[in-house]
Amino acid sequence: QVQLVESGGGLVQRGGSLRLSCATSGFALDYYSYGWFRQAPGKEREGVSCINAKDGSIQYAGSVKGRFTISRDKTKNIVSLQMDSLKPDDTATYYCAAAPAGVLCSPQGYVYWGQGTPVTVSS
């Protein structure tokens with residue numbers, strides 16, 4: 001069965017770091033696009049970072065570029081998001097997702113979703 005399971009969320013102080021992991025099953029990692037998305041209370045879900053399977057390109061939201069790094073471990077079938085220099089504005093529930101190859105880093109293009117993991121950054 002197809003599954004995406006996130007872990008690594010929690011509470012961290014401003015300037016701290018967290019590493020989110022998404023364990024995947026039922027996917028051939030190279031043939032799907034993968035992304036991390038987040039949704040804060042009262043706000044729309046937004047793309048944080050995505051890997052496009054079409055060409056391997058990586059996209060970051062402008063608000064996280066230089067602070068977050070997306071990666072994939074093909075051996076372990078894990079997609080990770082390293083988050084450094086965290087800010088209170090990063091507080092949200094973070095989701096990993098998968099989509100057929102060659103989609104934009106937008107929630108509307110993604111088909112399979114994990115359960116979400118909350119991240120809270122205190123001042």
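Residue indices begin at 1 and follow the sequence shown. These numbers were taken from a predicted model, which means no experiment stands behind them. All heavy atoms count here, side chains included; hydrogens, waters and symmetry mates do not.
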Do the non-hydrogen side-chain atoms of [X] and [Y] ever get within less than 4.5 Å of each other?
X: Val48; Y: Leu81; result: yes
X: Arg14; Y: Leu86; result: no
X: Gln115; Y: Glu6; result: yes
X: Cys22; Y: Tyr95; result: no
X: Val79; Y: Ile70; result: yes
X: Leu20; Y: Ser7; result: no
X: Pro118; Y: Arg38; result: no

>> Angle between ring planes, Trp113 versus Phe37, binned at 30° and 60°: parallel, tilted or perpendicular?
In response: tilted
Starting at [atom1] of [X], measure out to [atom2] of [Y] and round the result to the nearest 0.5 Å.
X: Thr24; Y: Tyr112; atom1: OG1; atom2: OH; answer: 13.0 Å
X: Lys54; Y: Ser33; atom1: NZ; atom2: OG; answer: 10.0 Å
X: Lys74; Y: Ser71; atom1: NZ; atom2: OG; answer: 12.0 Å
X: Ser123; Y: Gln13; atom1: OG; atom2: CD; answer: 10.0 Å
X: Ser122; Y: Lys87; atom1: OG; atom2: NZ; answer: 15.5 Å

Is there a path of hydrophobic side-chain contacts, each under 4.5 Å between heavy atoms of I, L, V, M, F, W or Y residues, that connects [X] with [Y]?
X: Leu104; Y: Tyr60; value: no
X: Val111; Y: Tyr94; value: yes
X: Val64; Y: Tyr110; value: no

>> Using every non-hydrogen atom in the two residues, find where Ser49 and Ile58 come nearest and quote the distance to one decimal.
In response: OG-CG2, 4.0 Å
>> Which heavy atom of Gly47 sits nearest to which heavy atom of Ala61, and what is that distance?
In response: O-CB, 3.5 Å
>> Just checking Phe68 against Trp36, ring centres under 6.0 Å apart?
In response: no
> When you look at Asp90 and Val119, which way does the side chain to side chain contact (heavy atoms under 4.5 Å, CB included) test go after all the steps?
Replying inline: CA-CA 8 Å; Asp90 296 319; Val119 172; 5.6 Å; no
Using modelled atom types only, decide if a donor and an acceptor are shared between the side chain of [X] and the backbone of [Y] within a distance under 3.5 Å.
X: Ser85; Y: Arg67; value: no
X: Thr91; Y: Val121; value: yes
X: Ser21; Y: Ser80; value: no

> Should Gln59 and Asn52 be marked as a side chain to side chain contact (heavy atoms under 4.5 Å, CB included) after you check the CA-CA gap, both sets of side-chain angles, and the distance that decides it?
Replying inline: CA-CA 8 Å; Gln59 180 177 338; Asn52 194 317; over 6 Å; no
>> Within the 3.5 Å criterion, strictly below it, is a donor on Ser17 or Asp84 matched to an acceptor on the partner's side chain?
In response: yes
